[in-house]
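A short write-up of the structure that comes next.
Excluded from the calculations below are hydrogen atoms, water molecules and symmetry mates; all remaining heavy atoms, backbone and side chain alike, are included. Sequence lines set the chain letters: A, B, ... in the order given, protein chains first and strands last, and positions in each chain run from 1.
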Amino acid sequence: MGARELLSVNGLVVNRGARKVLDGVDFSVREGEVVALVGENGCGKTTLLESMAGLHSLSKGVVTRFDGGNESVVRDFDGNRGDILGFGLTLQSDGICGEETVRERIITAIRISGHSPEDSVIDEMLSDWGLGHRASDNVSQLSGGLRRRVAVLSGLAPAVMRADPTVVLLDEPSEGLDKASRELLAGWIRSLSSLGHSIVIATHDYEMISVADSVVSFESNGSLSISPGESLGNASKIPSPTTMVDVSRFSEFINWAWRMEKRNPIDTIGRATPALVAMLLAFTFATDIVRSTENYDLIAALVLAPAFITAVAAPALLKRLSEERVGDWWRAMTGSWSRATFSVVGASFILPIPILYLSWFVIAGDIDSSTNDQVLKWLWLPALSIIDVSAAAAALHLMVSDLRRASAAAGSLLLLVLVWPFLELTSALATIMESGMSFELAIGEPLSDILISSFSAVLVWGVAVIIPDE
Amino acid sequence: MRGQESLGVKLTLFGVSVATVAALYALFAAPSVNAEAFTAPDAYRILYFHVPFAWSSFLSFAMLFIGAVMWYIKRSEVGWIWFQTASDLGLIFGLGVVTSGPIWGSAEWGTPWDWGDLRLNTFGLLTAVAMFLVLSRRSQPDTPATRDTLSAIGLFGFALVPITALATTWYQERHPGVLVIESEDSGLDPEIKTLLLLSFFIFCIIFAGFVRLSNHRYRLAAQLEQLKSDLDKGAIQ
Amino acid sequence: MTGIVEAYAAYTMMLGLLLYHTKTLFSEIKSLESSLEELDSSNSNEEE
């Protein structure tokens, strides 16, 4: 009983919709302790587990983590979120994007916890869990049972690699696992516990409950009762810990997003296709427009429209994050800056410049050569502003995705606010066409218009990122 | 199977090597056309690949249709292999058509696209469908339900052909077609015609080679998946 | 404007597609064959 506390929950009140799911919960986990959270469906065991990962906003109370003598807030009712490293998490719905390979998933889970695993260690873990022959397969290709093994292993692996005690949160880990896998899970849990790690398991599986050292039961009146567990199960052999390395969670997220897009470029195609169609449609009708100064606004708008469409399209990243609650896993791992990170990574960085230049060539490339030269020299400036618009659009889409039935929401209505940056850029391009680029910072000058466009986009981004609760 | 694969290898390597030589010949040694009759007389050289690419993509889409029907109606594994091969080839050859065509169109007729041209729009749509099928096969789990959906989408692609015919005809009532790609039928120089036929023949060889290799590839993938599924059942010791 | 630049661009694209697909086919077949061999041999080792 002299074991240190690793995580504590004090006075937790969590509302989900109109319902108070947790009402003044006090709970703590000590080093080496295996705790089972049990109760009927809907009693709040998943909510409690996920609150310990910082995933839910709190009406009252605080979740605190004690890590090597340091105390840090995981989440409090003011909305403050800490940046917690090195814990393991397995959500009830896997939290894995189908495009990830099995090996990649385990490596990502370990790296984001601050370790850089050797290939041989990964091979050993995969082999122990019967996943060696599937190491390079996409998770989407696996059966449900194998996918669940990957999800469970990615929750356990960070603790396996870590020498100092940490917390592992597992939500219904045995669901979908066969008998051999459940026995292996019990063995790994006991091994991790013997090394000082705490494991919290939300479960209704009796076999998992029997592994626990203490059982926290959710009573029908909302209170918790704690009773001693049976602590059954024999420890399995697990890989040895490694030293921690300096790993940026944000670069890990960016690398992950980039790999997923390379493997299945739905973001690029989803943005480029409507842009190209718009470009060709604009071309069809722009040939009839006389190339004179009174029509430059119209020509500028037609040229900018395809790149603008590219910018405001919903990022494929959001679809990936909503698959099997992948976004929640990454939110737990990236902490307080997750919304800002997701919206910036979800923006279109590569497409606006080439699309805008192609747009110019196709729609207005036949204009007189001096105008053409000026525009070609400076068109990249409005394109950079379009990237800012894209980040703002991504933040708006992300805000809408917080809705429970986000697919039923008319999120595009919120994008109308981005019409003003578009109008500023149209004005800027028309001025560049008429009288060349100018670096004066007066209203009506192209540089001012471009800066106002970017500033408006950044304002929208900032508001969309700061206001919502993480 | 080994015999089939080595034939596919030979056909592909031979065809692609000869095509590379043919490309260089087309660019630097093929006969010139009357500079006064064309806006961009050298751009005509695109013809020697563009037309065989169009023919190969037509063959691919036909194979896609047959494979889709074979899977959808008979749940034939051979049909699914054909479907996979044909969607890959439809994408490759289709992309070649819808990029070289607009490049040529821009140079010669000043327009990269004509919404009133049936062939251009049909190839564009079918290439988009092929791209969808290729990407979806990689991102979705391989189950009978997925195969059914993708086959249905492949068949949908063919319904687009008459729909596009109607749509482009109606559009042309108001906006007469700008682009008429009839150059292969309008009294070509005999030497150009001969070179075009040779190129066409080379692409038939390439197509046959690609089909054999690709079918082999998908058969191997099916074998591997079967082995892995067997291992899944007895995986943890 | 003779259009020769456009011709180069078009041929680069089309030839590039042919070569890319050839390379992809060969490398995927090689990778599948070696995965099959590996699994086959680890299977027969277990049987022994």
Side-chain angles (χ1 to χ4, degrees), chain B residues 5 8-9 12-13 15-16 19-20 22-24 26-28 32 35 38-50 52-53 88-89 91-93 95-97 99-108 203 206 209-210 213-214 216-221 223-224 227-228 230-231 234 237, chain C:
Chain B
E5 185 219 323
V9 169
T12 302
L13 290 178
V16 173
T20 307
L24 293 168
L27 283 169
F28 301 114
S32 300
F38 287 82
T39 311
D42 279 327
Y44 104 90
R45 295 165 191 277
I46 296 173
L47 174 86
Y48 295 111
F49 261 37
H50 175 82
F53 253 78
D88 290 347
L89 295 182
L91 177 59
I92 294 292
F93 289 116
L95 276 177
V97 174
T99 47
S100 60
I103 290 174
W104 189 7
S106 283
E108 183 58 36
F203 271 77
I206 293 173
F210 276 173
L213 280 183
S214 184
H216 178 60
R217 180 234 176 276
Y218 287 116
R219 271 190 293 268
L220 286 176
Q223 266 180 39
L224 184 63
L227 251 184
K228 285 182 179 179
D230 292 340
L231 282 173
Q237 306 302 314
Chain C
M1 198 176 87
T2 66
I4 193 65
V5 171
E6 284 86 349
Y8 290 149
Y11 270 96
T12 304
M13 170 69 75
M14 290 187 282
L15 206 49
L17 283 167
L18 289 181
L19 294 170
Y20 169 77
H21 194 60
T22 305
K23 175 179 160 288
T24 303
L25 279 173
F26 282 124
S27 67
E28 284 186 3
I29 287 173
K30 190 169 165 202
S31 155
L32 285 166
E33 281 175 347
S34 65
S35 298
L36 271 169
E37 245 180 70
E38 207 182 296
L39 278 181
D40 259 335
S41 69
S42 70
N43 257 1
S44 47
N45 284 344
E46 279 174 24
E47 273 158 26
E48 278 161 26

Just wondering, do B/Phe49 and B/Leu27 contact through their side chains at under 4.5 Å, heavy atoms? no
If you tally heavy-atom pairs under 4.5 Å between each of C/Val5, C/Leu39, C/Leu18 and chain B, the highest tally belongs to C/Leu18
Just so I understand: if I count every heavy-atom pair under 4.5 Å between each of B/Thr39, B/Thr12, B/Leu227 and chain C, which residue has the most? B/Leu227
Please classify the contact of C/Tyr8 with chain B as side chain, backbone, both or neither, using a heavy-atom distance under 4.5 Å. both
Under a 4.5 Å heavy-atom cutoff, which of B/Ile103, B/Asp230, B/Ile206 has the most pairs with chain C? B/Ile103
Contact between C/Glu6 and B/Pro102 at the side-chain level, heavy atoms closer than 4.5 Å - yes or no? no
Of all of B/Ala26, B/Gly209, B/Pro41, which one pairs up most often with chain C through heavy atoms under 4.5 Å apart? B/Pro41
Heavy-atom proximity to chain C below 4.5 Å, by part of B/Ser214: both
With a 4.5 Å limit on heavy-atom distance, are the side chains of C/Lys23 and C/Leu19 in contact? no
Are any of the side-chain heavy atoms of C/His21 and B/Leu89 separated by less than 4.5 Å? yes
Aromatic plane relationship, B/Tyr44 with B/Phe38 - under 30° parallel, 30 to 60° tilted, over 60° perpendicular: tilted
Over 60° means perpendicular and under 30° means parallel, so tell me whether B/Phe93 and B/Phe53 are parallel, tilted or perpendicular. perpendicular
Engaged part of C/Met14 at the chain B interface, taking heavy atoms whose separation is under 4.5 Å: both
